[in-house]
Amino acid sequence: MPSEKDKLSQVKDAGDISPELSRVDKLTAKLEREYLEDLVEKLPNDFENLSPEIAKKRDVALEKLAVEREKHEEKVKKTRRRNRALAAIARANSKIPIKLAAIILASSTLISAVLGLYRDRLLNSMYLDTYPVGIDAYTAAFTIPDFMFLILVSGALSVTFIPVFNSRLAKNNRESAWQMSSSMINFMALLTLAASILIMIFAPILVKYIVGPGMSESGQALAISMMRVIAVNPFLFAIATVIASIQQAVGRFVFFALSPLIYNIGIIIGALWFTNGITIFGHEIFAGGIMGVALGVVLGAVLQLIVSSLGLIGLGFDYKFKIFWKNLGFRRVLSLLPARSADQGLDYVSSIVDLNLASRMADGTMRAYQQASVLYNMPINLIGVAISTAAFPQMTERIGQNRPDLFAKELRSILRVIIWLSLPVAAIMFFARGYIVSIIARGGNELIAGLLAIFVLVILLRSIYHIAARSFYAQQDTKTPLIISLVTLSIAIAFQLWFVFGLHTGVAGIAWGQVIWAVLEIGALSVLMGRRLPTLFGRDFWSGLGRMAIATAIMSVITYLLVRVLGLEFTDQSLMMVLPGLAIIGLISGAVYLGLSKMLRLSEADPVLNYLRKIGSGKLFMNSRR
């Protein structure tokens, strides 16, 4: 036990104990604090008459202890808050049942689509009529960065990375899986960073000769500046996409689903606030204008990366700032990327050609064409892409079982469903295109509506394409669809050039080129499918298509009459006037088509009618509660 003299000596030295000591050795600091605390509490009892010097030393020690204790308590609170936040994120990112995952993804897709429509409506109302040169520049600025991201990452990574990653996890080789993941993040980051830098350097050439040769000098200058800002997106998106693929592979969907929502929110923030200028502490760092939308795009990409990264919490991901070139999984993914990327990039090559031609026309044409493309692609994604993606595993299984008869039967059934859904949707979009365009362009837009009238012819064909191409993929034949796409696209581009420069059809000629491409492509794929599967297109198939056409024709008359009766007035630009009218047209037309399908004995109507009967009887609700 220390003597009283030793205690006095330690009290004298207590005032010299540095609070920084806890950072060096937490355990030692804790012991010293406890001993010192005990000592200063006993001092008044041990000594009745303290000298002023010792009392002063004691007071200083007590003050320092109080400060140190306060700092320690604050650190504990911060640590607890951080741990609670991390635990909450980990719980939110836990593995969920497939049904719940499907609900989350479907809800996310719906909300993202709504935000996308609001984003487009906002930008169109701000610039399409008042500053068409600026909105064309914004459209052109996106083209090359999006194209680079698509061919390098987006279109191919999910279908190549996930199977290889899961194969490693299935073998309980987590180390190899994390090495492959780290390698993909680092490799894609380097690859897209180089692409982003090249886009920034060559932006003037890309705008003047590829995406906007017909734009005015001021429009090209603005597009170049915006492209250089947006050029960082492929880099940010690449990292976010690999991270999202990891989450998707292990069944974590919450943050994966949130990411696209955040991106749209960033663009909306840019449109609403950044365009008015950015001021920090009274200093203006950005004057505002349409360039603020480009800054919002980058903000959205950064926020998307942050949200995606949160989804890694709780997965045990061991990131390494290294590319493991010898990792077999990483090398396997790299070997699968090029062919898939080339196939995915064809559609975007077509878009670049289309915008190149549109840039040679009146200001605002590029934006109008792009907006019409967005509208007609929505039902294609909801019908063609969704159904084909869901059916693909079963199709590959039939081929693996060496049952071409069952393969042909299921392919025929899927084709009928896609056609049955696409025909009425295309017809409704044609007659109600004024309502639909009014959703994204306040007060409507005749040019967008005119282009959409042509594009509805493509909805059926493009929806069929996705299942037709997958029928070849299921047979491990990726070359045939690629070759057909290359040949037919070349023919379609030749027609577009003839229409635009020879016949002077304007932007409509570009749209008709898309129709020709779809007709040629589906025609060629159908002929080859019929040769490989002689039983695919039988009498029942063509009979069913004929009855679908009859039901669509009768429904179209009803849809036309509804549009005439409701009489949309563009003077009222409120969505509250547009959406109810569109809903009435869609619901009544859909009900008529469903009833006609039942009368004409189309089996595709039966599942929908059974589902509606369950809703009406309450059985669906009761089953969901169980």
Side-chain angles (χ1 to χ4, degrees), residues 93 144-202 231-253 255-256 259 301-302 304-346 348-349 396 473 476-479 482:
N93 198 37
I144 299 300
D146 277 3
F147 174 67
M148 295 305 297
F149 170 66
L150 183 73
I151 63 171
L152 294 177
V153 183
S154 174
L157 186 61
S158 61
V159 296
T160 55
F161 174 83
I162 292 176
V164 179
F165 180 85
N166 278 339
S167 68
R168 297 301 185 272
L169 292 183
K171 298 175 182 177
N172 202 26
N173 193 352
R174 298 182 69 86
E175 182 180 0
S176 175
W178 295 140
Q179 286 182 358
M180 184 184 79
S181 302
S182 296
S183 299
M184 287 305 304
I185 290 175
N186 299 328
F187 177 78
M188 286 298 178
L190 289 174
L191 185 64
T192 52
L193 179 61
S196 296
I197 294 173
L198 290 174
I199 292 173
M200 294 178 187
I201 295 173
F202 295 104
V232 73
N233 274 17
F235 169 71
L236 298 172
F237 283 160
I239 301 174
T241 301
V242 178
I243 292 174
S245 296
I246 295 172
Q247 297 169 51
Q248 189 179 1
V250 296
R252 283 8 182 228
F253 293 101
F255 292 96
F256 170 77
S259 298
V302 172
Q304 180 175 344
L305 176 58
I306 293 173
V307 171
S308 296
S309 300
L310 291 176
L312 293 175
I313 295 175
L315 299 186
F317 177 43
D318 185 18
Y319 171 74
K320 302 292 184 182
F321 188 64
K322 178 182 178 182
I323 298 177
F324 296 88
W325 295 103
K326 295 182 179 180
N327 185 281
L328 296 179
F330 172 62
R331 295 167 66 175
R332 174 62 177 165
V333 173
L334 291 185
S335 68
L336 295 172
L337 279 174
R340 182 66 177 169
S341 296
D343 188 27
Q344 291 288 322
L346 277 180
Y348 220 86
V349 169
T396 57
Y473 298 156
Q476 300 184 16
D477 179 5
T478 58
K479 293 182 179 179
L482 178 60

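In this chain, residues are counted from 1 in sequence order.
The line from CE of Met148 to CZ of Phe237 is 14.5 Å long, rounded to the nearest 0.5 Å. Taking CZ from Phe321 and OG from Ser182, the interatomic distance works out to 11.0 Å, rounded to the nearest 0.5 Å. Rounded to the nearest 0.5 Å, atoms CD1 (Ile144) and OH (Tyr348) are 8.0 Å apart. We find the CD1-CD1 distance between Ile323 and Ile185 to be 11.0 Å, quoted to the nearest 0.5 Å. Between the CG atom of Leu191 and the CZ atom of Phe235 there is a distance of 11.5 Å, given to the nearest 0.5 Å.
Considering Ile243, Val242, Leu236 in turn, Ile243 is the only one that fulfils the side chain to side chain contact (heavy atoms under 4.5 Å, CB included) rule with Ile239.
Contact of the Phe149 side chain with the Thr241 side chain is registered, since non-hydrogen atoms from C-beta on lie closer than 4.5 Å. Using a 4.5 Å cut-off on side-chain heavy atoms (C-beta onward), Trp178 and Ile246 make contact.
Considering every non-hydrogen atom in both Ser181 and Phe317, the closest pair reads CB-CE1, 3.7 Å. When all heavy atoms of Phe187 and Leu334 are compared, the pair lying nearest together is CE2-CD2, 3.5 Å. When every heavy atom of Met180 is checked against every heavy atom of Phe330, the shortest pair comes out as CG-N, 3.5 Å.
Between the side chain of Asn233 and the backbone N or O of Asp146 there is no donor-acceptor pair closer than 3.5 Å. In this structure, the side chain of Asn186 engages the main chain of Lys320 through a donor-acceptor pair within 3.5 Å.
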Using residues 306-315 as the side-chain source, report each donor-acceptor pair under 3.5 Å to any protein atom, sequence neighbours left out, with the distance given to one decimal.
{"unit_1": "Ser308", "atom_1": "OG", "unit_2": "Ser259", "atom_2": "OG", "d": "2.9"}
{"unit_1": "Ser308", "atom_1": "OG", "unit_2": "Gln304", "atom_2": "O", "d": "2.9"}
{"unit_1": "Ser309", "atom_1": "OG", "unit_2": "Leu305", "atom_2": "O", "d": "2.8"}

